[in-house]
Structure formats: structure tokens, C-alpha cells
Amino acid sequence: MREFATFEERLSAWTTDTMKSFFGVEDTNVPLGVAPTNNDKFGDYQCNAAMELSKVLKKAPRQIAQEFIDAAELPNFVEKIDIAGPGFINFTLSNIALAEHIQSLENDPHLGAEQVGRGKTVIIDYSSPNVAKPMHIGHIRSTVIGNAIDRLYRFLGYNVIADNHLGDWGTQFGLMIVGFRSFVDEAALAEAPIEELERVYVASYNKSKEDPTWRDKAKAELVKLQQGDAENRALWERFIKLSIEEFNTIYDRLGVKFDLYRGESFYNDRLPKIIQSLEEKGLATESDGALIVDLEDEGMPVCIVRKSDGGYNYATTDLATVEARLEEFSPERIVYVTDERQQLHFKQFFTIAEKLGLNANLVHVWFGLMRLPEATFSTREGNVIKLAALLDEAEARSLEMVRSSSPDMPAEQQKDLAKAIGIGAIKYTDLSQNPQSLVTFTWEKALNMEGNSAPYLQYAYARISSVYDKFHAQYPDTELNQYSIIIEHKIERRLAVKLSHFSAAVHGAAENHRPNIMADYLYDLAQIYSSFYQNVPFLKAEQGVRESRIRLCRSTAATLKQGLDLLGIETPERI
RNA sequence: GCCCCGGUAGCUCAGCUGGAUAGAGCAACGGACUUCUAAUCCGUAGGUCACAGGUUCGAAUCCUGUCCGGGGCACCA
């Protein structure tokens, strides 16, 4: 068993082994492990195997449980074992073992989380906005959820490559180029690049609808760009550069970093080859002038890999991208984070990739669309809320709160704090929901600062820091590690049990690609801590108890800080 | 028409790889700041888990059907 194995792992291994040999069910598929109970009156862990084994053994569940208990020699970390209800076997951990475990986790930089990703590379493809279009609130989910998955994987030891697969290629660049030459306002471009590029695009698009010669001009410029015309190429590169610069200001504010910014264009050279191998393998056929892959056997509609005008599209680019990534990085897995509308596309392209023999573990993590209360959020409706505006608003609102709650704080510090709180609030709102549920955007929800929110967690953390500092000020000579954690009070026990579940939360969140599992965990932890804080004295407790409680505070702080960091949320020392 | 997702407290959402009386937050009501930061805590109230069948010792969770909402389904990505 590994060094910082959880109680759940240890206990499950024990129940499984013991039951297998005792009942002679070595080959059973019945799960024999334990799971945390949902209520501490049932102990800490429960094993449900007796009910499941009932049929196999042809005995009553309670009898099975009883026989097991009578015969079993309990592991030393278990204080109590008993039977309840129809045949649940409940385990209660000993307080001493619990305390020792929490203490031992202080020596593990990963707080007990097993490094399952060591030596493995995973590529995470997320955010991926389109060049020359401003990021709006619809982009926040891919960015924030993708980044949390990125951080979770890194924490588990994976070599993560975060790749921002920009939309930097497509027919719109013809319109962009002609439009730019006629309409651009360089001063405005310097001021707000993407906004100006977007304005240029819209102007050009509108003109193309009325003026066929304009449309032809755009087409001609697109062809020139695709053929590598130097001037058009330079212009296009400028669009990309300006866009990335502006995206980066948003990413900086969000604390998001990418390892690569490889747009779709990066893979252009490979497209003909992909088509060629599709044809060679007999996967692609002509249909109405286009080249398609028939996926009827897989129960899916056909997938176009080359348009009738000879152009390539999304599926082809994505196949080429996989091929390139496999060659260069040999990833164990590639994770794509996009909204739900792309499910079919990914299913199709994953299937084709497999048929092509691209041996990759491809995972599509999708999330529900962001809506506005009154309507579906869409550029066509013009009801967009720019991402930058959302962040501004969040910072402004939290700054107001910081000013009223900490009027004596230096202005600069107030601003930094407001940033950490405001951005944290926005991220947490998104991350604390099941990614797959459809979310309705409201300012009230996005900027929630009370109850189940990032500021609640940050506040809990800041209070611990404050207690910890006061302790050291009052007892400067105390070496905390010379005192053991003593678990006596009910709330201390609940806190310790929760702390021991951190590893499970990390793994659950990472494996399921659901950061909300981590968010839920942290909120529970903070709630228990807040109750602990409010209901028992620390600094005024007697010696021994005092140090024990401060140690529990310290462990809680470390766990909250690490957990929030995995969500990309900052933990200021003071709020 | 076919496919994917959702429907849980007044509102916003957890819980969904089956387990014990279904949980939070907000809103409502009642308490706690001369005491470690009240962005907090303690308590009260609030639910035929859309509906109907089925599987199971056990179903919010799995299966089937229906209703309602969102999305997708050939040259956008």
C-alpha cells in the first residue's frame, strides 16, 4: 500500500481480501469495498457487500455481515464495526488513527493524492476562441473549466500540454482582408484591437451582402492568402498577433496559461495527406461533389471531409491535429473542452480517427450552453456580454465591498484583493455547477459573494491565516509539531474526516473531468471549518488542546489553499 | 423524423457508476458581534425528486414510454 493511502483504500483492500477468502468468493464481481457514509451516525465508512452477496451465498444479509464481523480481525485504525439496517457493515475510524493520518499528510506536498499521472503526457485543448472576435461570456466556461482540468491533471503528476486551438483560418479572412484595407481606423485599432477588427469584419460582411463585386474581391483575397501571398499573409498574421495579445490580457486576469497557441492553420500542410489516407483506406467517398465519410454503421450522419469547392473543414483539421500531436508528443490522452453543440462532431471525428488508425485516447468534455434568462445567448441576437465587461463588473463590485469592510487597507492592496475576490467569484460560480447542466447567466449569480461562493471559501482561509498569525504572536516559542492533534470534540472529528477525503475529491474531479466535485468538497470543508471556528475556542483553549486545534487549522488552510488553487482561485491572507 | 442533454424546496443548483430519514445557497422567520475577521455561525419553515410503468432486498439515481425545455442532424466551427 502506498505511503499516504486513504482510509477508504486501506479499508476497501482489507474488506475485499478478507471477504474473498472467508466466504470463498475469489472470483466474484460483487464490489466488496467500502464507501464513505453519508451520515456520521453510521460511522465513517460502509460496506454494502453483505446485501449483494446474499444471493450468491444463499444466506440472509445480516447473517453474512454477522459472520464476517465475528471472524474478522479488525485493522488497527478501525475503532468500531457494526451492522445496521438490512445488512450494512459500518466502520468507525479510531480518533488516534485519524489524527495521525492528518498529521502525516502535512509531510506530503500532494496532501495524500496519488501521483497517477507520473510519466504520462496529456494534451488539453481548451478556450480556443476565434481570431478577430471578442471573447464573450460564452467563452468563460471552456476557459475556466478547461483550466481547472489542466490544473487537476498537473497536480496528479501528468505532463500537461495546454493547447489553445485558435480559430485562425476560414473563409472570413477574405472579408477581413478587403474590409481592413478599406475601413480600418488605425487609432481605434491601437486602442481596442479586437473590437476594431470585429467592426471591420461586420462592415465588410454587410457590404458583401449588397455588393457582389465586393464578395468576389473577398474571395480572391482569400485565395491569395491560401496560396501564401506575402502581403495577405502579413495582414492575417497581424490579425492573429493582435488577437492573441488581447486574449492574453483576459487570460492574465483569469490566471490562465497556455503552453501552445496553435491555431487551426498550423495543421494546413497536413490536410491533403489526411484526405489521401482516408481515400486509400476506402473510408471516403464522393457525394454531390464533396468528399464524405459514411458513418451509417455507427449510427451517425455522414461527415464531410472536403467541401465541393475543394476546401477542407473542421473534421479534417481536427484529424490532422491529432496526427500531429501524436507524432510530436505521444500523449496518453487528448482532452477537448467545448460546449455541447459539438458532441456529434467529436463523435464523428473520434470514430474516423480510430478507423484511420490514429491510436489516441480522445476525450470530449462538453459543457452546457450559457443562456441569458430571456433568450439563448447568441451573436446573431446581439445580446452578447463581453467577457472583459464581466470581469470589470466583478472587480468593481468586490472593490466596493472591500472598501467598506477594510477601509484602512492601502488602496493598492484593496484593488488586488478585489481582483482576487471578484475573479474568484466568477470562476467559482461556473466551476461549482455540474459542467453538463445548462446554465442561465445572471449577474446576481455570477457575482455571488455569499453562501456557496468563492469569497466564502476565501474568507474561511483568511480567518485561519489570521488565527495562525495571532497564535504565533502570542506563543512565539511554541513548536507546533511537538504537539499532537487530539480529536475529542465532535466538530474536530468531522473536520479531520473531511480533511482525509481530499485525495478522493481530487481524483473524482480529475477522472470525471468535473471540477465541481472539488468545489463541492471545498465548500463542505469550509462549512465544517466555519462551524468549528465559531463553536470552539482556539487561542483561549488550554495548552495542548490549543496547539492541536491550531494544527487542525493549519491542515485546513493547506487543503483549502491547494484545492482552490486547483480551481484557479486565489487565497489572499487577509480579507 | 432521428440523436444528445436537462426537468429535484418559492428562486438558483448539488446529489445521478443503485444504498439508510433527498442536501446546499438565496429569499422568509427567530436567535448570536465588549470575546480567534458577522463576506460568519446556530435554529425554524419549505419537496407526490416532471409523469406513468418496469428491474431490484433497495430507485432521484438503471430500463421503457409520455409531456415540457435546450441543443444537434451535408459543405460554419
Side-chain angles (χ1 to χ4, degrees), chain A residues 31 35 37-39 41-42 46 48 51-52 54-55 60-61 84-88 90 128 130 165 167 169-172 264 287-292 299-309 311-315 317-318 338-345 347-348 366 368-369 371 376 398 401-402 404-406 421 425 429 432-434 436-440 442 444-445 448-460 462-471 474 512 516-517 519-520 523-524 526-527 530-541 546 549-550 553 574-575:
Chain A
T37 57
N38 59 6
N39 188 325
K41 83 176 184 202
F42 300 127
Q46 65 184 62
N48 301 336
M51 275 99 71
E52 312 241 13
S54 174
K55 226 176 257 169
F88 296 105
N90 294 333
S128 307
N130 289 324
H165 192 69
W169 200 247
T171 48
Q172 76 271 26
E264 293 157 7
S287 171
D288 292 343
L291 195 68
I292 61 162
M300 283 183 272
V302 299
C303 179
I304 294 180
V305 290
R306 192 179 64 208
K307 299 185 280 185
S308 50
D309 68 2
Y312 305 105
N313 57 13
Y314 197 25
T317 311
D318 275 342
T338 82
D339 74 55
E340 60 182 325
R341 288 175 301 185
Q342 301 194 30
Q343 283 179 90
L344 177 60
H345 161 72
K347 258 192 189 161
Q348 290 180 318
W366 58 266
L369 267 187
R371 297 168 42 101
T376 300
S398 53
M401 294 180 81
V402 169
S404 68
S405 67
S406 310
I421 293 172
T429 299
S432 60
Q433 295 190 53
N434 184 331
Q436 301 194 337
S437 49
L438 179 151
V439 302
T440 304
T442 62
E444 189 195 4
K445 196 167 46 157
N448 179 29
M449 309 265 172
E450 276 166 9
N452 190 355
S453 67
Y456 177 89
L457 299 173
Q458 291 169 321
Y459 180 66
R463 290 210 290 194
I464 302 176
S465 297
S466 176
V467 166
Y468 194 64
D469 290 351
K470 285 198 167 128
F471 172 79
Q474 285 177 35
N512 297 298
N516 74 305
I517 291 174
D520 273 359
Y523 180 60
D524 277 354
Q527 267 189 315
S530 296
S531 182
F532 175 52
Y533 178 92
Q534 208 86 22
N535 289 301
V536 302
F538 307 158
L539 299 178
K540 286 180 180 166
R546 178 173 59 226
R549 287 181 179 161
I550 298 295
C553 284
R574 294 284 176 275
I575 278 191

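Keep in mind that this is a model prediction, so the values were computed, not measured. In the text below, chain A, chain B and the rest are named by the order of the sequence lines, each starting its count at 1.
Taken from CG in A:D318 to NE2 in A:H345, the straight-line distance is 4.0 Å, to the nearest 0.5 Å. Here the straight-line distance linking atom NE2 of A:H165 with atom OG1 of A:T317 works out to 6.5 Å at 0.5 Å rounding. Rounding to the nearest 0.5 angstrom, the gap separating the CG atom in A:D520 from the CG atom in A:N452 is 7.5 Å.
Applying the 4.0 Å criterion to OP1 and OP2 of B:C36, one finds that A:S466 has every side-chain N and O outside that range. Contact between the side-chain N/O atoms of A:N434 and the OP1/OP2 oxygens of B:G15 is found at a separation under 4.0 Å. In this structure, A:N38 reaches the B:A20 phosphate: one of its side-chain N or O atoms is under 4.0 Å from OP1 or OP2. At the phosphate of B:U21, neither OP1 nor OP2 sits under 4.0 Å from any side-chain N or O atom of A:K41. Between A:Q527 and B:G23 there is no side-chain polar atom (N or O) within less than 4.0 angstrom of OP1 or OP2. Phosphate proximity of B:U37 to A:K470: present, with a side-chain N or O under 4.0 Å from OP1 or OP2. For B:A39, the OP1/OP2 oxygens have a side-chain nitrogen or oxygen of A:Y459 closer than 4.0 Å. Dashed line: the shortest gap from a side-chain N or O of A:K55 to OP1 or OP2 of B:C57 is under 4.0 Å. OP1 or OP2 of B:U12 has not a single side-chain nitrogen or oxygen of A:T440 nearer than 4.0 Å.
B:C63 and B:C26 have their P atoms separated by 35 Å, given to the nearest Å. Taking atom P on both nucleotides, B:A32 is separated from B:A50 by 40 Å, rounded to a whole Å. One P atom belongs to B:A22, the other to B:U44, and the distance between them is 16 Å to the nearest Å. Taking atom C1' in both B:C76 and B:C13, the straight-line distance is 34 Å, to the nearest Å. Nucleotides B:A77 and B:A38 have their C1' atoms positioned 50 Å apart, rounded to a whole Å. Comparing the same atom, P, in B:A20 and in B:G54 gives a spacing of 23 Å after rounding to whole Å. B:G15 sits 16 Å from B:C62 when the C1' atoms are compared, rounded to a whole Å. Separation of the C1' atoms belonging to B:U37 and B:G23 is 28 Å when rounded to the nearest angstrom.
Using a 4.0 Å heavy-atom distance criterion, A:A84 is classed as a base contact. Residue-level contact check: A:Q46 touches the bases, meaning some heavy atom is under 4.0 Å from a base atom. Heavy atoms of A:D520 sit under 4.0 angstrom from primed sugar atoms or phosphate atoms, though from no base atom. Contact annotation for A:S308: base contact, defined as any heavy-atom pair under 4.0 Å involving a base atom. At a threshold of 4.0 angstrom between heavy atoms, the contacts of A:S531 are confined to the sugar-phosphate backbone, with no base atom among them. Using a 4.0 Å heavy-atom distance criterion, A:N516 is classed as a sugar-phosphate-only contact. A:S287 comes within 4.0 angstrom of a base, heavy atoms only. Across all strands, A:P537 comes closer than 4.0 Å to base atoms (heavy-atom distances). Note on A:Q474: nothing from the nucleic acid sits closer than 4.0 angstrom, heavy atoms only. Residue A:L438 is classed as a sugar-phosphate contact, given heavy-atom separations below 4.0 Å to backbone atoms only. Contacts of A:V536 with the nucleic acid, taken as non-hydrogen atoms under 4.0 Å apart, include base atoms. Residue A:M401 is classed as a base contact, given a heavy-atom separation below 4.0 Å to a base. A:N90 comes within 4.0 angstrom of a nucleotide base, judged by non-hydrogen atoms across all strands.
Closest approach to the A:N48 side chain among B:G19, B:C41, B:A20 is made by B:G19 (side chain taken as heavy atoms from C-beta onward). Closest contact between the side chain of A:V467 and the listed nucleotides B:C36, B:C75, B:C13 involves B:C36. Taking only side-chain atoms of A:N313, from C-beta outward, the nucleotide of B:C36, B:A77, B:U40 with the closest atom is B:A77.
If you measure from atom OH of A:Y523 to atom C1' of B:U40, you get 11 Å, rounded to the nearest angstrom. Residue A:E450 contributes atom CD, which lies 11 Å from atom P of B:C41 at whole-angstrom precision. Rounded to whole Å, atom P of B:G72 lies 14 Å from atom OH of A:Y314. Rounded to an integer number of Å, the gap from NZ of A:K445 to C1' of B:A24 is 15 Å. Nucleotide B:G15 holds its P atom 10 Å from the CD atom of A:Q436, rounded to whole Å. The distance from atom CZ of A:R306 to atom C1' of B:C76 is 19 Å, rounded to the nearest whole Å. When the C1' atom of B:C3 is taken as reference, atom CH2 of A:W366 falls 13 Å away, rounded to whole Å. Look at CG on A:L457: it is 13 Å from P on B:G25, rounded to the nearest Å.
A:N39 contributes a side-chain N or O that forms a donor-acceptor pair with the base of B:U21 under 3.5 Å.
Residues A:L539 and A:I550 have side chains in contact (heavy-atom distance under 4.5 Å, counting atoms from C-beta outward). A 4.5 Å side-chain heavy-atom check between A:N48 and A:F88 finds at least one atom pair inside the cut-off. In this structure, A:Q433 and A:N516 have side chains that are not in contact, with every pair of non-hydrogen atoms separated by 4.5 Å or more. Contact check for A:C553 versus A:F471: no side-chain heavy atoms found under the 4.5 Å cut-off.
In this structure, A:D288 contributes its side chain and A:A290 its backbone to no donor-acceptor pair below 3.5 Å. Although no hydrogens or angles enter the test, the distance criterion places no donor-acceptor pair under 3.5 Å between the side chain of A:S466 and the main chain of A:A462.
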_Please determine whether side chain to side chain contact (heavy atoms under 4.5 Å, CB included) holds for the pair A:R574 and A:D469, giving the CA-CA distance in whole Å, both sets of side-chain angles, and the decisive distance to 0.1 Å._
CA-CA 11 Å; A:R574 294 284 176 275; A:D469 290 351; 2.5 Å; yes

*In dot-bracket notation, what is the pairing pattern of RNA chain B, taking Watson-Crick (N1-N3 plus N6-O4 or O6-N4) and G-U wobble (N1-O2 and O6-N3) contacts under 3.5 Å, with [ ] crossing and | for other strands?*
((((((((.[[[[.)...(...]]]].(((((.......))))).....[[[[[..)....]]]]])))))))....

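Classification of the A:Y533-A:F538 ring pair by plane angle, with boundaries at 30° and 60°, yields perpendicular.
Ring stacking is absent between A:F88 and B:G19, as the pair misses the limits of under 5.5 Å between centres and under 30 degrees between planes.
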